[in-house]
Amino acid sequence: QARPVESGGGSVQTGDSLRLSCDVSEYSRSDYCRAWFRQAPGEEREGVAGICNRGVALVYGASVKGRFTISQDNAKKTVYLQMSGLKPEDTAMYYCAASSEYEYIGADKRLNSTMYKFWGQGTQVTVSS
């Protein structure tokens with residue numbers, strides 16, 4: 001049972017940057033995938049970025065491509081979401097999701113929320129104009 005834990009949210013101005021972190025301490029250094037999703041009030045959950053330990057292909061949602069960067073540390077226990085050029089429309093609760101250990105999610109499904117078994121509590125990002 002994995003428990004992703006997010007941190008790093010906050011309130012910023014348009015154009016600012018933030019870095020979110022996601023730790024999954026229950027997993028050893030093994031193959032699995034993580035992704036960031038976000039959900040604004042009244043909106044559907046949106047896939048933001050995804051990464052798998054095995055591959056180098058990172059996946060980004062169209063609305064954040066070129067502004068957000070997903071990465072992981074060498075021990076592969078923390079995944080980061082570096083957000084730059086933030087806009088008011090980026091305001092949402094950001095969730096980290098993890099697959100089962102040893103599970104690989106192909107790039108075409110990596111931003112599909114139904115592919116992930118474990119979810120964090122979320123961290124709020126608010127961008128004001």
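- Of all heavy-atom pairs spanning Val24 and Ala2, the tightest one is CG1-CB, 3.7 Å.
- The line from NZ of Lys77 to CZ of Arg34 is 10.0 Å long, rounded to the nearest 0.5 Å.
- Connection of Phe68 to Val127 is established within a shared hydrophobic cluster, with ILVMFWY side chains joined at heavy-atom distances below 4.5 Å, either directly or through further cluster members.
- No continuous path of hydrophobic side-chain contacts links Val59 to Trp36 [ILVMFWY only; heavy atoms under 4.5 Å].
- In the hydrophobic clustering of ILVMFWY residues, with side-chain heavy atoms under 4.5 Å counting as a link, Ile51 and Leu111 come out apart.
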Which pairs of donor and acceptor atoms, one on a side chain in residues 41-50, lie under 3.5 Å apart (sequence neighbours left out)?
unit_1: Arg45; atom_1: NE; unit_2: Gln39; atom_2: OE1; d: 3.4
unit_1: Arg45; atom_1: NH2; unit_2: Gln39; atom_2: OE1; d: 3.4
unit_1: Glu46; atom_1: OE1; unit_2: Arg38; atom_2: NE; d: 2.9
unit_1: Glu46; atom_1: OE1; unit_2: Arg38; atom_2: NH2; d: 3.3
unit_1: Glu46; atom_1: OE2; unit_2: Ser63; atom_2: OG; d: 2.7

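- Partner of Pro4 under the side-chain contact (heavy atoms from CB on, under 4.5 Å) criterion, out of Phe118, Tyr95, Tyr116: Phe118 alone.
- Hydrophobic cluster membership differs between Val125 and Phe37, with clusters built from Ile, Leu, Val, Met, Phe, Trp and Tyr side chains linked at under 4.5 angstrom.
- In this structure, Thr78 contributes its side chain and Asp23 its backbone to no donor-acceptor pair below 3.5 Å.
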As a quick check of understanding, evaluate side-chain hydrogen bond (donor to acceptor under 3.5 Å, both in side chains) for Tyr60 and Arg110, giving each step before the final call. CA-CA 9 Å; Tyr60 294 95; Arg110 205 164 297 161; over 6 Å; no
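- Taken to the nearest 0.5 Å, the CG atom of Asp16 stands 6.5 Å off from the CD atom of Gln13.
- Without hydrogens or angle criteria, Glu6 side chain to Cys96 main chain gives a donor-acceptor distance under 3.5 Å.
- Taking OG of Ser129 as the start and CD of Glu89 as the end, the distance is 10.0 Å to the nearest 0.5 Å.
- Thr123 places no side-chain N or O within donor-acceptor distance of the main-chain N or O of Met93, the cut-off being under 3.5 Å.
- Here the CE atom belonging to Met115 is positioned 5.0 Å from the CD1 atom belonging to Ile105, to the nearest 0.5 angstrom.
- With rounding to the nearest 0.5 angstrom, the CD1 atom of Ile70 is 12.0 Å from the CD atom of Gln82.
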I'd like to know whether Tyr104 forms a side chain to side chain contact (heavy atoms under 4.5 Å, CB included) with Cys33, so could you lay out the CA-CA distance, the side-chain angles of the two residues, the decisive distance to 0.1 Å, and finally the verdict. CA-CA 6 Å; Tyr104 180 77; Cys33 299; 4.3 Å; yes
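- The CD atom of Gln72 sits 9.0 Å away from atom SG of Cys52, with the distance rounded to the nearest 0.5 Å.
- Contacts of Arg67 classified as salt bridge (Lys or Arg N to Asp or Glu O under 4.0 Å), with partners at least two apart in sequence or in another chain: Asp90.
- Linking Ile, Leu, Val, Met, Phe, Trp and Tyr residues whenever their side-chain heavy atoms come within less than 4.5 Å leaves Tyr80 and Leu86 in two separate clusters.
- The number of heavy atoms from other shown groups lying within 6.0 Å of CD (Gln124) is above 12.
- In terms of modelled atom types and a separation under 3.5 Å, the side chain of Thr14 and the main chain of Ser128 share a donor-acceptor contact.
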